[in-house]
Amino acid sequence: MAMVSRLLVLSLFIMLISLERDGKLAQREGIVMAIDEDGKALCSSVNLAEFLPPPYGGLENMVCQPVWNSFLLRYSQTKDNVITIILSTVYTSGWVGMGFSRDGKMINSSCMVGWITPGGQGKIKQYYVEGLTPSKIKPEKGELPLTSVPPIVYLQGATIYLAFQLKYPNRLKNQPILLAFATKYPHHHHLTVHDDKTTILFDFSSGTSFDVNAGAPNNYISSTKTHGVLGILGWGLFSPFGAIFARYLKKQKFWYYFHVSAQFIGFILGLAGVVLGLQLHNKLQVHIAAHEGIGILVLVLSILQVLAFFLRPERDSKYRKCWNLYHGWTGRTAVFFGAVNIVLGMHYAGAGESWKIGYGFLLGTIMLVCIVLETLLRLKKLDEPNLPPTYPMNSI
């Protein structure tokens, strides 16, 4: 019991360290944003005409605005609603993208993505985002009204430039913009998961912008993180340890109360995660069949476990053996698919390394605890003497 508690505390400590690491990364990004407030100085110090061909190298009435981290947005809009856009940022490897969204969400947005191959060749393509997984981001598709002027990507020193031209029926004003980058190269023109992203609302009339995520406290990003935390705590922490109490610690005092308490807390947290997941589904209009289907399955199995608490027969009932089989295997199946769904959720959400490391350590701790306790249990059974049955003797 003490060993389980220590391992549980250690796993939670590792997860807290991982989350703190995320916070430190965010803090470093804030420092970068503060540095990039001086990005306007780069607007006047760089002469685009020296390395970009017309019309990108000779924009008239060009507006240059730092928008996020080291991203600079240059653009010029004519009277006939032709807008020329040049996005630049510091580049080492991978891809850089700029998307145009209808409502500020990634789904159903059209993006221009550029990268420089390891061989030094520039690639730039339009993509259409049908879903959150890489397979749902379609190359050579999209709704951006590109003109006949071909888009280009160019690497000048340590800065990459994405340039393209659009023509709208009306003058472009307030527009939700998606900005993202990844350090891994696209694989056969299919984008890898981004390292970071943001959404801004950019006013092409005044050249000003603000962070949509910062202005919306109930945004879907924080909801997605909460959904993940609830799933990990409910189905990845409390439910497995509730099962451990039931199988290995029956000879410990109050084991039953620990078991029921852990299972009940796990059920409540898992149910809250499912409810939040349904809200995200309705908000994003995203259908992830595997993740949603397994989530519903685990919820149904959890409900069956709750019902088992109220339907438990007496110990000497002839139905007790059937109940034990039903309760045990329903719980094992729920715990297994709960772990599978947590991994799937992190994959589809593009979770960072800290989330994967934190949950990996927690899952490894649970597996190690089960292996050790199962080994001790079997060794104890082997040590028990196989005494012949005793029969009462009648006194003469």
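Note that the structure is predicted; figures quoted are calculated from it, not measured.
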> Rounded to the nearest 0.5 Å, what's the gap from CG on Asp195 to OG1 on Thr183? Could you check?
4.0 Å
> Side-chain contact, heavy-atom cut-off 4.5 Å: Ser302 with Leu271?
no
> Indicate, with yes or no, if Tyr128 and Leu166 share a hydrophobic cluster defined by side-chain heavy-atom contacts under 4.5 Å among Ile, Leu, Val, Met, Phe, Trp and Tyr.
no
> Spell out, yes or no, whether Met98 and Val90 are grouped together once hydrophobic residues are joined by side-chain heavy atoms under 4.5 Å, including indirect joins.
no
> Looking at residues at least two apart in the chain, or sitting in another chain, which of them share a side-chain hydrogen bond (donor to acceptor under 3.5 Å, both in side chains) with Ser261?
none
> Could you walk me through whether Met112 and Ile85 pass the side chain to side chain contact (heavy atoms under 4.5 Å, CB included) check?
CA-CA 11 Å; Met112 294 300 296; Ile85 294 176; over 6 Å; no
> Would a 4.5 Å heavy-atom cut-off, applied to side chains only, mark Ile294 and Leu344 as touching?
yes
> Is the closest side-chain heavy-atom distance between Gln65 and Phe202 below 4.5 Å?
yes
> Find the distance between OG1 (Thr330) and CG (Leu307) and round it off to the nearest 0.5 Å.
10.5 Å
> For the pair Phe51 and Tyr154, name the ring-plane relationship: parallel under 30°, tilted 30 to 60°, perpendicular over 60°.
parallel
> To check you understand the geometry: which heavy-atom pair defines the closest contact between Ser239 and Gly266, and what is its length?
OG-CA, 3.9 Å
> According to the interplanar angle, ranging from 0 to 90°, do the rings of Trp323 and His327 count as parallel (below 30°), tilted (30 to 60°) or perpendicular (above 60°)?
parallel
> Any side-chain heavy-atom pair from Val369 and Tyr248 closer than 4.5 angstrom?
no
> Could you tell me whether Met367 atom CE has more than 12 heavy atoms of other residues or ligands within 6.0 Å of it?
no
> If hydrophobic clusters are built from ILVMFWY residues whose side chains come within less than 4.5 Å, do Tyr319 and Trp329 share one?
no
> Which heavy-atom pair separates Ile152 from Ile124 by the least distance, and what is that distance?
O-CD1, 3.5 Å
> To the nearest 0.5 Å, what is the distance between CZ on Arg315 and CG on Asn324?
8.5 Å
> Compare all side-chain heavy atoms of Val149 with those of Pro55 and state whether any distance is below 4.5 angstrom.
yes
> Answer yes or no: is there a donor N or O on one side and an acceptor on the other, between the side chain of Ser110 and the main chain of Glu143, under 3.5 Å?
yes
> With a 3.5 Å distance limit and no angle check, can you tell me whether Gln126 reaches the backbone of Val113 through a side-chain donor-acceptor pair?
no
> Are any side-chain N or O atoms of Tyr326 and backbone N or O atoms of Leu304, one a donor and one an acceptor, separated by less than 3.5 Å?
yes
> Mind running side chain to side chain contact (heavy atoms under 4.5 Å, CB included) on Phe245 and Gln263 for me, showing each step along the way?
CA-CA 10 Å; Phe245 291 138; Gln263 296 292 73; over 6 Å; no
> Can you tell me how far the SG atom of Cys111 sits from the CG atom of Leu191, to the nearest 0.5 Å?
8.0 Å
> Can you find a side-chain donor-acceptor pair between Thr147 and Gln165 that sits under 3.5 Å?
yes
> What are the two closest heavy atoms between Ala49 and Gly57, and how far apart are they?
CB-O, 3.0 Å
> How are the rings of Phe181 and Phe71 set to each other: parallel, tilted or perpendicular (split at 30° and 60°)?
tilted
> To the nearest 0.5 angstrom, please state how far the CG atom of Leu269 sits from the CH2 atom of Trp235.
10.5 Å
> At their closest point, which heavy atom of His194 faces which heavy atom of Ala182, and how far apart are they?
CA-CB, 3.8 Å
> Please determine whether side chain to side chain contact (heavy atoms under 4.5 Å, CB included) holds for the pair Trp115 and Val153, giving the CA-CA distance in whole Å, both sets of side-chain angles, and the decisive distance to 0.1 Å.
CA-CA 7 Å; Trp115 65 94; Val153 59; over 6 Å; no
> Among residues two or more places apart or on two chains, list those pairs meeting ring-ring contact (aromatic ring centres under 6.0 Å, His included) that have a residue in residues 79-109.
none
> Taking the side chain as C-beta and beyond, is there a heavy-atom pair between Met62 and Leu48 under 4.5 Å?
yes
> Would a 4.5 Å heavy-atom cut-off, applied to side chains only, mark His227 and Gln279 as touching?
no
> Write down the atom of Val96, the atom of Leu162, and the distance for their closest heavy-atom approach.
O-CD2, 3.4 Å
> Are Ile265 and Val229 grouped together when hydrophobic residues (ILVMFWY) are joined by side-chain heavy atoms under 4.5 angstrom apart?
yes
> Assess the side chains of Ser70 and Thr89: does a donor N or O sit below 3.5 Å from an acceptor N or O?
yes
> Decide whether Phe310 and Leu301 are clustered together by the hydrophobic rule: side chain heavy atoms of Ile, Leu, Val, Met, Phe, Trp, Tyr closer than 4.5 Å, transitively.
yes
> Report the C-alpha distance between His190 and Ile137 in whole Å, list the side-chain angles of each, state the deciding distance to 0.1 Å, and finish with yes or no for side chain to side chain contact (heavy atoms under 4.5 Å, CB included).
CA-CA 7 Å; His190 288 284; Ile137 303 177; over 6 Å; no
> Taking Ser109 for its side chain and Gly99 for its backbone only, find out whether a donor-acceptor pair lies under 3.5 Å.
no
> Measure from the side-chain N and O atoms of Asn81 to the backbone N and O of Lys167, and report whether any donor-acceptor pair falls under 3.5 Å.
no
> Mind checking side chain to side chain contact (heavy atoms under 4.5 Å, CB included) for Ile366 and listing every partner two or more places apart, or none if nothing turns up?
Pro240, Phe241, Ile244, Leu362, Cys370
> Less than 4.5 Å apart, side chain to side chain, heavy atoms only: is that true for Val82 and Tyr168?
no
> For Tyr185 and Ser93, which heavy atoms make the closest approach, and how far apart are they?
OH-CB, 3.6 Å
> Which distance, rounded to the nearest 0.5 Å, do you find between the CZ of Phe204 and the CZ of Arg171?
11.0 Å
